[in-house]
Student: 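Let me begin by handing over the structure; questions about it come next.
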Amino acid sequence: MKIAVVGGGIGGLGFALALKQLGLDCDVYEAVPEVKELGVGITLLPHAMRELAALGVQAKLEAVAIENLESVFFNRYGQFIYKEPRGRHAGYALPELGIHRGKLHRILYDEALVRLGADRIHTGYRCVGVEQDDSGATLRFIDPATGAAREPVRADVVIACDGVRSAVRKQFYPDEKVAFAGINTWRGVTRHKPILTGKSYIRVGTIETGKMVIYPIIDKLDDDGMQLINWTTEIQGDATDMNDWNQKGKAADFAGIFKDWTFPWLDVPALIANSEEILEYPMVDKDPVAQWTFGRITLLGDAAHPMYPRGSNGSAQALIDGRTLADQLQQHADPLAALKSYEDLRLKTTGRIVETNRSTPPDFIIMKADELSGGKPFGKIDDLISQDELRKIAENYANIAGFSQAALKATAPG
């Protein structure tokens with residue numbers, strides 16, 4: 001069986017490695033001519049780590065990541081709302097890691113080169129279309145550097161892992177547009193001394209008045225113990241004024257919102273001002289669709305279920321997609337039946353996560369506190385809402401997203 005994977009990102013490479021573990025080969029076609037360590041931070045929750053550990057890369061990830069101790073929530077005045085232990089510290093068998101996205105991608109890419117063989121990883125192949133017939137599918141590619149057409153590729157099945165702007169998905173949903181609700185984001189990384197425990201995942205504020213997510217991704221950059229801190233802002237604005245994609249950002253466009261965020265435990269304006277890099281992009285997703293699989297072609301990861309980058313769930317769901325689809329391809333003699341079975345197993349679950357990330361994300365805890373306080377400073381959080389009630393909000397998201405301990409047991413591989 002010839003399996004073509006369109007896209008060599010986290011989802012595509014995770015799927016390729018899962019296939020190889022089951023004795024199945026594939027070819028991966030990636031648009032960029034050279035894989036580089038790009039991007040900023042990403043958090044690997046226990047359900048992502050379960051998949052990555054099964055792929056045999058846990059030790060390599062832990063060597064270059066920071067293991068999160070806790071998740072902590074504050075309002076925009078820097079007042080404490082809620083915290084909970086994370087990963088192993090919460091009783092999971094696996095850690096929760098903060099890591100540079102480029103390092104995660106590099107580890108998966110290098111593993112694919114070794115396990116699949118360099119001849120099966122094709123860079124500089126941008127997919128522009130795919131057709132299918134009774135005997136197979138034909139993929140059309142161009143060289144993105146020159147625009148020249150490449151030799152068409154034949155395969156028995158095609159797995160589209162080409163992201164939120166998937167060219168393959170567009171064939172089946174040509175009029176579909178990304179869903180933009182007016183939330184723009186800026187992301188950066190800053191050399192900084194450890195914040196709180198030095199292993200804290202921090203959320204501050206809400207999108208209505210300015211929100212930040214802050215966590216370390218590289219430890220001990222120098223002899224002074226400085227860390228590389230990843231930070232992300234989310235700001236609700238004009239629903240028609242959408243940022244471009246992964247463009248260089250300017251602090252002047254958003255820093256004013258956070259000018260008074262000087263807390264005893266962190267100077268946010270200084271964190272922004274000292275950033276080594278700022279990127280801007282819109283907070284977008286797409287409405288869940290009724291179908292991913294079209295004969296010999298199916299969608300995976302962001303091509304299947306693009307979601308708001310909240311709750312550290314996009315990469316986790318892509319990795320789970322990959323393992324699920326690999327299992328189905330091994331178990332079914334008919335590859336078309338395997339693709340449909342994969343869709344049946346994953347479509348509704350991921351659709352629910354897409355909708356939850358819009359309406360009730362993890363920072364709903366802060367939104368609830370602001371609602372109860374009228375958006376003003378409070379004496380202590382227990383005067384507004386109990387820690388048990390806040391814990392239930394956190395547990396509800398973990399259950400829906402699939403990384404609560406009960407959810408992990410229910411969805412264990414095999």
Side-chain angles (χ1 to χ4, degrees), residues 10 37-46 48-49 52 57-74 78 80-90 92 94-107 185-205 211-234 249 251 255 258 261-279 309-316 362-363 366 394 403:
I10 293 169
E37 292 187 13
L38 301 177
V40 280
I42 186 172
T43 301
L44 300 174
L45 299 179
M49 285 304 301
L52 292 163
V57 296
Q58 179 180 344
K60 291 184 178 181
L61 294 172
E62 289 198 68
V64 296
I66 293 180
E67 181 176 354
N68 289 341
L69 170 65
E70 61 181 6
S71 177
V72 194
F73 298 76
F74 298 88
F80 170 79
I81 297 173
Y82 175 73
K83 73 176 180 179
E84 62 183 9
R86 303 295 282 188
R88 291 186 180 117
H89 305 284
Y92 289 88
L94 294 163
E96 175 179 303
L97 301 180
I99 189 171
H100 192 289
R101 178 180 287 272
K103 291 188 179 298
L104 167 62
H105 189 212
R106 169 61 66 180
I107 287 170
T185 70
W186 287 262
R187 302 191 68 169
V189 289
T190 305
R191 295 173 66 96
H192 196 280
K193 63 183 181 181
I195 304 168
L196 299 182
T197 66
K199 297 182 178 182
S200 300
Y201 187 102
I202 305 164
R203 293 182 178 90
V204 192
K211 169 190 167 184
M212 291 196 78
V213 175
I214 303 162
Y215 58 93
I217 56 174
I218 301 179
D219 204 9
K220 299 177 181 176
L221 291 171
D222 53 32
D223 292 339
D224 295 326
M226 298 288 275
Q227 295 179 321
L228 192 65
I229 304 296
N230 178 85
W231 55 264
T232 305
T233 70
E234 294 180 28
F258 305 100
W261 285 29
T262 303
F263 311 136
W265 49 274
L266 179 63
D267 184 336
V268 172
L271 183 74
I272 295 171
N274 294 326
S275 181
E276 296 182 359
E277 179 182 35
I278 298 176
L279 300 173
R310 292 171 168 167
S312 307
N313 233 319
S315 59
D363 49 299
I366 306 172
F403 66 87

Student: What's the separation between atom CG in L266 and atom CG in L196, rounded to the nearest 0.5 Å?
Tutor: 8.0 Å
Student: Measure the CG-CZ distance between L45 and F403 for me, rounded to the nearest 0.5 Å.
Tutor: 5.0 Å
Student: Testing the basics here: between I272 and I278, what is the closest heavy-atom pair and its distance to 0.1 Å?
Tutor: O-CD1, 4.4 Å
Student: For G198 versus P216, what's the shortest heavy-atom pair and its separation?
Tutor: O-CG, 3.4 Å
Student: Can you list everything that forms a salt bridge (charged side-chain N to carboxylate O under 4.0 Å, His left out) with R191? Sequence neighbours excluded, please.
Tutor: D222
Student: Answer yes or no: is there a donor N or O on one side and an acceptor on the other, between the side chain of E277 and the main chain of V189, under 3.5 Å?
Tutor: no
Student: Is there a side-chain contact between K211 and D363 in this structure, where contact means two heavy atoms from C-beta onward sitting under 4.5 Å apart?
Tutor: yes
Student: Would you check if the side chain of T190 reaches a backbone N or O of L271 as a donor-acceptor pair within less than 3.5 Å?
Tutor: yes
Student: Could you tell me whether the side chain of V268 reaches within less than 4.5 Å of the side chain of T262, counting heavy atoms only?
Tutor: no
Student: Please report the interatomic distance NZ(K220) to CG(L228), rounded to the nearest 0.5 Å.
Tutor: 15.5 Å
Student: Shortest non-hydrogen contact from A90 to P85?
Tutor: CB-O, 3.4 Å
Student: With a 4.5 Å cut-off on side-chain heavy atoms, are M212 and T232 touching?
Tutor: no
Student: Look only at the side chain of W265 and the backbone of G78, and say whether a donor-acceptor pair between them is shorter than 3.5 Å.
Tutor: yes
Student: Quick one, R101 and I10 - any side-chain contact, counting heavy atoms below 4.5 Å?
Tutor: yes
Student: Should I202 and F74 be marked as a side-chain contact (heavy atoms from CB on, under 4.5 Å) after you check the CA-CA gap, both sets of side-chain angles, and the distance that decides it?
Tutor: CA-CA 8 Å; I202 305 164; F74 298 88; 3.9 Å; yes
Student: Step by step, would you call W231 with Y215 a ring-ring contact (aromatic ring centres under 6.0 Å, His included)?
Tutor: CA-CA 7 Å; W231 55 264; Y215 58 93; over 10 Å; no
Student: Which heavy-atom pair separates A270 from D267 by the least distance, and what is that distance?
Tutor: N-OD1, 3.1 Å
Student: Between E62 and R88, is the closest basic N to carboxylate O distance under 4.0 Å?
Tutor: yes
Student: Search all heavy atoms of L94 against all heavy atoms of P46 and return the closest pair with its distance.
Tutor: CD1-O, 4.1 Å
Student: Of all the heavy-atom pairs spanning E84 and Y82, show the shortest one and how long it is.
Tutor: OE1-OH, 3.0 Å
Student: Rounded at 0.5 Å granularity, tell me how far CD1 in I99 sits from CD1 in I107.
Tutor: 5.0 Å
Student: Are any of the side-chain heavy atoms of I66 and K199 separated by less than 4.5 Å?
Tutor: yes
Student: To the nearest 0.5 Å, what is the distance between CG (L69) and NE2 (H89)?
Tutor: 5.0 Å
Student: Can any side-chain N or O of S200 pair as donor or acceptor with the backbone N or O of E70 at less than 3.5 Å?
Tutor: no
Student: Which residues pass the ring pair (Phe, Tyr, Trp, His ring centres under 6.0 Å) test with F258, not counting sequence neighbours?
Tutor: W261
Student: Would you say I214 and I195 make side-chain contact, with heavy atoms under 4.5 Å?
Tutor: yes
Student: Side chain to side chain contact (heavy atoms under 4.5 Å, CB included) with K103: which of I42, V64, I217, L61?
Tutor: V64
Student: When you check the side-chain N and O atoms of R86 and S71, is any donor under 3.5 Å from an acceptor?
Tutor: no
Student: Distance from Q227 atom CD to D219 atom CG, nearest 0.5 Å?
Tutor: 4.5 Å
Student: Would M49 and Q58 satisfy side-chain contact (heavy atoms from CB on, under 4.5 Å), going step by step from the backbone distance to the final call?
Tutor: CA-CA 7 Å; M49 285 304 301; Q58 179 180 344; 3.7 Å; yes
